[in-house]
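Supplied in structure tokens, the structure appears directly below.
Every chain is numbered from 1 and lettered A, B, ... according to where its sequence line falls, protein lines coming before strand lines. All values below were derived from every heavy atom in this structure, side-chain atoms included, with hydrogens, water molecules and symmetry-related copies excluded.
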Amino acid sequence: MREQIFSGNPFILADPQKCRHCHSCRLACAAAGAKMDLASALVQKVPLAARNSLVTVDEVTMLMQCRHCEDAPCSRVCPLGAIRQAEGRVELNKEICIGCKTCMMVCPFGAIELVHRQATAAGGGSQYGERQALVADKCDLCYDRLIQGKQPACIQACPTHSLVMVIPERWRQAHLEQSARDLFRGLGIQK
Amino acid sequence: MDRDNNLKEQKHPLWNACIQKEIERKPVAERSSDPASQLLLEKASREGIETAWDRYEAQNPQCGFGELGLCCRNCLMGPCRIDPLENGPKKGVCGATSDIIVARNLLRMIAAGAAAHSDHGRDVAEVLYLTSQGKIAGYAIKDEKKLKALATEFGLEVQGKSPEEIARQLAEAILDEFGTRKGYLQFLSRVPQKRRNLWESVGITPRGIDREIVEIMHRTHMGVDNDYVNLMLQGLRASLSDGWGGSMAATELSDVLFGSPQIKTCQSNLGVLKADEVNIILHGHEPLLSEIVSQVATEPELLALAKEVGAKGINCLGMCCTGNEILMRRGLPVAGNFLQQELAIITGAVEAMVVDVQCIMPSLTTVAGCYHTKIISTSAKAKFPAALHIDFHEKGDQALQAARQIVRLAVLNYPNRQQQKVCIPENRMEFMAGFSKEAIAEALGGSLGPLIEVIKSGTIRGIVAIVGCNNPKVKQDFAHTTLAKELIGKDILVVETGCAAIACAKAGLMRPEAAAQAGPGLSALCRQLGIPPVLHMGSCVDISRIMSLAAEAANALGVDISDLPLAGAAPEYMSEKAISIGAYVVASGIFVLLGVVPPILGSQNVTHLLSQGVEKVIGARFAVEPDPIAGAKLISEHIEAKRKALGI
């Protein structure tokens, strides 16, 4: 299963035509990041931040998040090596992030955002006392859930099924099969 | 457009391939703690029939904004929602904050709950009115003693008047309570003076049953009340108009019409269905129809018809609060509680399920479509597409005629039962019920004095009411029965109503033998009186019996209700009615433990007010604890603190 999934970095893709802008994906993402349900996070006053963004442009709303690039610019520029290619994903280590924002600037998708350190899964306080440090954060593909055989939280939360996890090899294979079918049907070949 | 979509679907099969919605299915042992439910859930899954549990799992994860109470649809500038995450809008278009939105949403739930109970009360009052004028057949005044006591309470002259005349005046007086202009409800005379003064000073004395509900709808309209504290106070006031108004009227007048419950032994759980008889389940809330149906089911002509179609008899059973109403007064068996309504049909042995109002799942007709069961709706207020509607007019002999027609239909449906689909669980449990305030006093030798004495002496530490529904978020009956067992083990007497009561009846906690599971003090008391440690006090509106009991105890001791070692708990609640109940129990001064998180966490201020702040004002608060064992500990600590403060 894991091998199949990680044949190339998968990523989450949204279908704007199905999206009803309910923001469930964002709440689910924040809860997954906090590793607890929303209600508990609010009671325990754990700051919540989603790693995905609902963007509306030209009257179309689309969910945007990290594409887990194979040659990720963020990973190349990080001065601390906090971002690296991990198994099937681009991993960001918030523990050592210094919040220099370089990754944020070079990301072609705007997928990296700044969150309070407490709001990250890593938790922990700030060494600056009251002032909470900002660190970079982004979609981690819900790796913890994937290895348990579960879908990423945003996909599971979407009531209109507008999100899919694109697994590049499978996606391409499906395209090939469909195109072949279209072609031989177009040529009038029937089996 | 359609063509484009089709093309796209074809072009990108992965849109479909990758989105098999992953539904986490709980095993049946996790869904319910009742073996009868478990058996039928297995049957449902074998036969491919969807139940509330399946639908709940398909809904997961549920909407986060709804869960937190942060979505507002009260005007058309919206819908708006407050983003609980760090970087999102914190105000609606009008400027409403999370405090305002959460408070308004909660208030509207209270209004709906209070409306449901109170409208039930109004229906009973109207039937009493028609009965008093002889305009309706099948009903009579069964409890003249209570009729006279109530009339006196309402300041009516009873000397030299016929019961019918008293009933007419009482029904009129109670119907007037819905729109009264006198500034308070008559039943408030039962409330200790201290508490009435407190309500007056805080401004939450209910002024009329309908009025407080209407005022909630007004205040929560766009741009009216924007102070969450002021809003919550109105919520408490409206809930009091339910607890000390609509619900109390429903209970008291049902007692007048159908008799005050007396202690009796009944049977519970789906094992009460009979393999060789016509099974009719009466489901819903009001006793008006079920009383008549169960009466006519004993008529010789209908019994003869049953014999003709090959059945040995007609078996009338209750479910949910209709079940509680008829078991309290007639001792009819109760087939199950809220989450068993679909399962009852899945037994394949139910000829008709007759429903009136409230807590009736719209799915029933779909489930019934897989069996021979007829769903018969009877209230003009509650129709179900695909159900058979037999309008139950409370006029002339129409009620009787409708009831006969319903029973006849059920009997004629018996030959359609498909034997290969029938599966009746063996689980049935005997239990004691009928513990109205009057019956408890009678068991104690005529007054509540001995009960107060054993609380004072510490033989029993206090009294806790466990009430409320089932909710697929909680393993069915588990929280009800675990909490009850924990509490009786700590020598705390448990009184119950509603689906909580049915849960404990099914679990055997309402048999005198259950005294063995109680602590030494409570156990000895139960053995001495021959009663169980968990008492069945009736349906959801009968929580008013518990309120009257609490008020009487407080008056006897010359203290406020909030001084008494009492608590309320709703471990598996789901309905808006339960929210109204929780609010009036807290407003009456009793600590309330909830097992399901109410939709208020989106506002820290409202959450803080209800879980802490409100105690300083009215002497009671809410607590949320999904774990029944931890909940029992919280309740026990609360009761011991109250005892200490009372010096007992």
Checklist entry - How close do A:Leu27 and B:Gly64 get, heavy atom to heavy atom, and via which atoms? => result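 So the two residues come closest at CD1-CA, 3.4 Å.
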Item to check | Portion of A:Ala28 that has a non-hydrogen atom of chain B nearer than 4.5 angstrom | outcome: neither
Checklist entry - Between B:Leu68 and chain A, which part of the residue has a heavy atom less than 4.5 Å away: side chain, backbone, both or neither? => result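 Side chain of B:Leu68 only, per the 4.5 Å heavy-atom cut-off to chain A.
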Item to check | Gap between atom NE2 of A:His23 and atom SG of B:Cys63 - 0.5 Å precision | outcome: 11.0 Å
Next on the checklist: Taking CZ in B:Arg73 as the centre, count heavy atoms belonging to other residues, nucleotides or ligands within less than 6.0 Å. Is the count above 12?
Outcome noted: no
Next on the checklist: If you count every heavy atom of other residues, nucleotides or ligands that lies below 6.0 Å from B:Met77 atom CE, does the total exceed 12?
Outcome noted: yes
Item to check | Taking every non-hydrogen atom, the tightest pair across A:Ala157 and B:Pro61 | outcome: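 Heavy atoms only, the tightest pair is CA-CG, 3.5 Å.
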Checklist entry - Do you know which two heavy atoms are closest between B:Arg81 and A:Cys22, and how far apart they sit? => result NH1-O, 3.1 Å
Checklist entry - How long is the gap from CG on A:Leu38 to CG on B:Leu85, to the nearest 0.5 Å? => result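 The CG atom of A:Leu38 sits 7.5 Å away from the CG atom of B:Leu85.
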Next on the checklist: Is it true that, when you exclude B:Leu76 itself, more than 12 heavy atoms of the residues, nucleotides or ligands shown sit nearer than 6.0 Å to its CG?
Outcome noted: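 Open.
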Item to check | Gap separating the CG atom of A:Leu42 from the CD atom of B:Gln604, nearest 0.5 angstrom | outcome: 7.5 Å
Checklist entry - Does any heavy atom of chain B fall under 4.5 Å from the side chain of A:Arg26, the backbone, both, or neither of them? => result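 Both backbone and side chain.
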Item to check | B:Gln62, part contacting chain A, at a heavy-atom distance under 4.5 Å | outcome: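 Neither part; nothing is under 4.5 Å.
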Checklist entry - Which atoms of A:Glu113 come close to chain B, meaning under 4.5 Å heavy atom to heavy atom: side chain ones, backbone ones, both, or neither? => result side chain
